[in-house]
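Some notes on the structure that comes next.
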Amino acid sequence: MLNIPILKQDFMISRKTLLVFYCLQTASILIAAVIRNMRLIQISDMFWDTLPVVIFPMLMSMVLAMEAVQKRDADKTMTFILSTGISPGQIIMTKAVFVGLCVFVLMAFSMLLGSVLCVYDLTGLWNRSTYIVLNLGAMCLQLCVAGWCFFISCAGRKPSLLRYYGLGIGLPLLLYVMYLLQDFVPQLSVLQYVTVFSLFQQEMFASPGISAFLASMVLAVAGLVFFGLGRYVFCSRSERD
Amino acid sequence: MIRFKNLTKRFEDGRGIFDFSFEVEEGEVFGLVGSEGSGKTTALRMLMGFEYPTKGRCAINGKDCVRAAVYLHRMTGYLPDGITLPSVLTGRQFLRSNAEMRGMRNLENLFNMAKRLELNIDRKIGEMTSADVQKTGLVCAMMHNPPVILLDNPFRNLDSRTRSALVDLILEEKEKGKMVILTSNTVDIADLTCDRVGLLDKGNIVYLGDVENMRENMYRSYLIQFGSSRAAMKFAKESFEIKSMKDRNLVVSLQGELLPLVRTLANYHVTSIEPVPLSLEETFVHIYGGVHA
């Protein structure tokens, strides 16, 4: 079902992007370790909510989904790939796996590094188990975001960076800003029902229960559905005319 | 054999191709000539199965281009128009990964083609000139030795030296019995390489025939420089259509064979003679008598 040469080509094309995000992620975990050692607890909450579990993986999936499909459509690399005799379904499946795999490895890598460096006892509220559960929840969130970006990247008969910037990047960022706003401004708490990011709340994972499990499942299933929709619209581009 | 049978593709904006019916035999180079938006690219994309027909069908060796698209892709080399390719890869990385996708083990043909087109494949695509990017696309389209070659505007951005090398390559492929369809914005390119041409205007084929016939019907213009203005004035009284005259330079138009002009010029002191490219609009007017909008 996967095509290894396509996977290799995508890794070659996106190697600099991957390097940048892996460096940023490593740096953020190392900074977390320093904060832990220095007991700068006031910074910690903000840190947990943002960089390593949400922002960097989210930005990486946005860039990778754009590079794997949207940009390859625009520079005609996709046309060359389509004309090699590999089925469109296999091509787009490989690209979906590429995006998903890169984000998964990034999250797994930072989870491992965080566990080794014991960044989980930053606030004194977490232990290794809850830290791993938090990261698994974050993976489900990232699967959802990556799936959405991939779907938008595949949508449309012709490549349009404007559409991708608006829906693929702009919309998730807007939803994330809404999540932050409702978190900081209690009067805006109604916004939590609008944004998907409220399905991933750290407090839920501190003492994981059925609600954390359900929220993670909803995010993971939504992500898989978006990937599936991306595959569907890519394979039926011509039929829609 | 490539066969178009009443093939129509109508897009939402009303553009497309309408009622295409023609065949391309093995060992034949066929040219689709027309301006931007005339339907050249759509015709090739339909052969690749990238567009579904509104009506009619097209087939390669009896296999429907939509139903057997993936199978046909393995025996087809396709160069899309307006390629830019991933700037972070070198030409070698791009071509090698495409060769791997095709399951090619022997890359000799790839390197030979790159050498003939004078392409440095070790340069990054982002640092290549537009001509080198086009050459990379050409190598990618033809490196696997496909029996069917579809080239969308292959001469775009190429200098005259590479054009000549590409003409030789296309004619060699023809000698090997391959079917080649190429598109162009100018008749001159088709004249150099094709056995038959189809002139397109707004998605319709307005002329379909041998290049020889087209040549006979086609007007050509030549800029002739005489040894003196007196000689030029004397020549202007001959029975040729003079498009313009300035000092000892004359632009002469003629239809069909060049021989009568050469015979007449033999009586004059001529210092230079060079062809004046004919615009597509002029070609349309001369060949099918229509007014090209």
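As the structure is a computational prediction, the values presented were derived from the model and not from experiment. Throughout, a chain's letter reflects where its sequence line sits, starting with A, and its residues are numbered from 1.
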Identify the heavy atoms of [X] and [Y] that sit nearest to each other, and give their distance.
X       : Y       : result
A/Thr77 : B/Pro86 : OG1-CD, 3.0 Å
A/Pro5  : B/Ser97 : CB-O, 4.2 Å
B/Asn98 : A/Ile81 : OD1-N, 4.3 Å
B/Val88 : A/Arg15 : O-NH2, 3.8 Å
A/Gly85 : B/Arg74 : O-NH2, 3.5 Å
A/Ser87 : B/Val70 : CA-CG2, 4.1 Å

Looking at [X], I want to see if its [atom1] is surrounded by more than 12 non-hydrogen atoms of other residues, nucleotides or ligands under 6.0 Å.
X        : atom1 : result
A/Arg163 : CZ    : yes
B/Lys63  : NZ    : no
B/Arg45  : CZ    : yes
A/Phe11  : CZ    : yes
A/Phe104 : CZ    : no
A/Tyr232 : OH    : no
B/Met113 : CE    : yes

Can you check whether B/Asp81's main-chain N or O pairs, donor with acceptor, with A/Lys76's side chain at less than 3.5 Å?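 Yes; judged by distance alone, with no hydrogens or angles, the pair exists.
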
Where the side chain of B/Arg102 meets the backbone of A/Ser83, is there a donor-acceptor pair that is under 3.5 Å apart?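 It does hold such a pair.
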
Between A/Leu82 and chain B, which part of the residue has a heavy atom less than 4.5 Å away: side chain, backbone, both or neither?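 Looking at A/Leu82, backbone and side chain both touch chain B.
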
Is A/Lys16 close to chain B through its backbone or its side chain, or both, or neither, when contacts mean heavy atoms under 4.5 Å?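 For A/Lys16, the contact with chain B is made by the side chain alone.
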
What do the steps show when you test A/Thr84 against B/His73 for side chain to side chain contact (heavy atoms under 4.5 Å, CB included), and what is the final call? CA-CA 6 Å; A/Thr84 55; B/His73 289 166; over 6 Å; no

Stepwise side chain to side chain contact (heavy atoms under 4.5 Å, CB included) check, A/Phe80 with B/Phe94: CA-CA 10 Å; A/Phe80 278 112; B/Phe94 177 77; 3.9 Å; yes

So B/Met101 and A/Gln9, side chain to side chain contact (heavy atoms under 4.5 Å, CB included) or not? Walk me through it. CA-CA 10 Å; B/Met101 286 176 213; A/Gln9 192 187 62; 3.6 Å; yes

Just how far is it from atom CD1 of A/Ile6 to atom CD of B/Glu100, taken to the nearest 0.5 Å?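 The CD atom of B/Glu100 is 11.0 Å from CD1 of A/Ile6, to the nearest 0.5 Å.
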
Euclidean distance, B/Thr90 OG1 relative to A/Met12 CE, rounded to 0.5 Å: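 One gets 8.0 Å once the value is rounded to the nearest 0.5 Å.
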
Can you tell me which portion of B/Leu89 sits under 4.5 Å from chain A's heavy atoms? Options are side chain, backbone, both or neither.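 The answer is the side chain of B/Leu89.
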
